[in-house]
Amino acid sequence: MITVYGIKTCGSVRNALKFFKDNNIEVEFFDFKKETPASDKIKSWVDKSDINILFNSKGTKYKTLNLKELNLDSNGKYEWLCKYPMLFKRPVIEFDDKVLVAWDEEVYKNTFL
């Protein structure tokens with residue numbers, strides 16, 4: 001099963017969901033606005049990807065929390081992701097014990113089609 005993590009108002013998440021729908025690929029959706037992923041889930045994503053790819057340092061939440069001033073290391077980024085899922089670069093796609101982060105149509109075509 002493929003799980004898409006994100007928020008429905010995010011353009012990248014909408015693109016990913018549309019891609020899956022257009023290609024008749026069934027997915028589950030996990031809404032960061034309604035739920036926070038467990039810390040062990042986030043740890044597994046970090047292990048399978050890269051904290052610097054997962055952590056969105058360009059988003060609104062990052063700016064409103066003034067995180068740039070903290071000059072976060074990997075552990076600091078992980079701790080903030082556990083508290084504020086809106087800091088994730090979206091979408092986070094979990095499938096076949098793998099993780100794919102962000103929207104890139106070509107990567108999706110090569111991975112899922």
Side-chain angles (χ1 to χ4, degrees):
M1 175 54 77
I2 298 170
T3 305
V4 178
Y5 294 80
I7 60 172
K8 292 196 177 203
T9 56
C10 173
S12 295
V13 172
R14 284 196 311 257
N15 287 339
L17 291 173
K18 182 179 181 333
F19 170 86
F20 290 122
K21 183 179 180 184
D22 289 350
N23 290 287
N24 297 313
I25 300 170
E26 189 176 327
V27 299
E28 288 183 8
F29 182 73
F30 184 102
D31 193 336
F32 283 148
K33 283 193 174 181
K34 296 179 181 174
E35 297 181 76
T36 300
S39 58
D40 59 336
K41 168 81 63 191
I42 295 170
K43 176 78 172 98
S44 78
W45 293 347
V46 170
D47 292 343
K48 295 171 189 171
S49 183
D50 180 330
I51 191 78
N52 296 311
I53 293 171
L54 287 160
F55 191 85
N56 185 358
S57 60
K58 297 192 182 349
T60 304
K61 186 55 114 177
Y62 178 82
K63 292 172 185 163
T64 59
L65 291 170
N66 294 319
L67 297 181
K68 186 174 186 177
E69 297 170 9
L70 300 180
N71 200 18
L72 298 170
D73 63 6
S74 293
N75 287 336
K77 289 177 182 179
Y78 169 77
E79 289 174 16
W80 279 97
L81 286 173
C82 289
K83 288 190 272 187
Y84 293 97
M86 296 300 285
L87 289 168
F88 278 101
K89 193 172 287 177
R90 299 179 298 263
V92 177
I93 311 289
E94 191 176 48
F95 66 101
D96 297 338
D97 204 35
K98 296 180 187 133
V99 172
L100 183 62
V101 181
W103 165 249
D104 183 325
E105 187 172 10
E106 287 306 310
V107 170
Y108 280 48
K109 285 179 181 177
N110 292 334
T111 304
F112 299 109
L113 298 181

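Only this structure's heavy atoms are used, side chains among them; waters, hydrogens and symmetry mates stay out.
- Pairs passing the salt bridge (charged side-chain N to carboxylate O under 4.0 Å, His left out) check and including a residue from residues 6-34, sequence neighbours excluded, read K18-D22.
- Sequence neighbours left out, not one pair with a member in residues 56-80 passes salt bridge (charged side-chain N to carboxylate O under 4.0 Å, His left out).
- Residues I42 and L54 fail the side-chain proximity criterion, which asks for heavy atoms closer than 4.5 Å.
- Taking OG1 from T36 and CZ from F88, the interatomic distance works out to 9.0 Å, rounded to the nearest 0.5 Å.
- The shortest distance between side-chain heavy atoms of L100 and Y108 falls below 4.5 Å.
- Within the 4.5 Å cutoff, no side-chain heavy atoms of C10 are placed close to those of P91.
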Pair F112-N23, side-chain contact (heavy atoms from CB on, under 4.5 Å): steps then yes or no:
CA-CA 9 Å; F112 299 109; N23 290 287; over 6 Å; no
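- Taking the side chain to side chain contact (heavy atoms under 4.5 Å, CB included) definition, one finds that S39 meets it with Y78, C82, sequence neighbours left out.
- F30 and L17 fall into different hydrophobic clusters, where Ile, Leu, Val, Met, Phe, Trp and Tyr are joined by side-chain heavy atoms under 4.5 Å apart, directly or via other members.
- For F29, the ring pair (Phe, Tyr, Trp, His ring centres under 6.0 Å) test picks out no residue, with sequence neighbours left out.
- Under the salt bridge (Lys or Arg N to Asp or Glu O under 4.0 Å) criterion, D47 pairs with K43, not counting sequence neighbours.
- Looking at every heavy atom in both residues, G6 comes nearest to V13 through CA-CG2, 3.9 Å.
- Within the structure, the side-chain hydrogen bond (donor to acceptor under 3.5 Å, both in side chains) test picks out the following pairs touching residues 90-100 (sequence neighbours left out): Y5-E94, K41-E94, W45-E94, K48-D97.
- Taken together through direct or relayed side-chain contacts under 4.5 Å among Ile, Leu, Val, Met, Phe, Trp and Tyr, V46 and I93 form parts of separate hydrophobic clusters.
- Residues V99 and F32 share a single hydrophobic cluster, defined by chaining ILVMFWY side chains whose heavy atoms lie under 4.5 Å apart.
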Kindly determine whether L81 and I51 satisfy side-chain contact (heavy atoms from CB on, under 4.5 Å), including the steps that lead there.
CA-CA 9 Å; L81 286 173; I51 191 78; 3.6 Å; yes
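- Here the side chains of I25 and L113 are in contact, with some heavy-atom distance below 4.5 Å.
- N56 and K89 get closest at one heavy-atom pair: CB-N, 3.7 Å.
- Side-chain atoms of F19 and V4, non-hydrogen and from C-beta on, never get closer than 4.5 Å to each other.
- Remark: L87 CG to L65 CG distance equals 6.0 Å, nearest 0.5 Å.
- Using bins of under 30°, 30° to 60° and over 60° for the plane-to-plane angle, the ring pair W80/Y84 lands in the parallel bin.
- Note: the hydrophobic cluster containing F20 also contains V107 (ILVMFWY, side chain heavy atoms under 4.5 Å, direct or indirect links).
- The side chain to side chain contact (heavy atoms under 4.5 Å, CB included) test applied to S57 returns F55, Y62, not counting sequence neighbours.
- A salt bridge (charged side-chain N to carboxylate O under 4.0 Å, His left out) check over residues 101-113, counting only residues at least two apart or in different chains, returns the pairs E105-K109, E106-K109.
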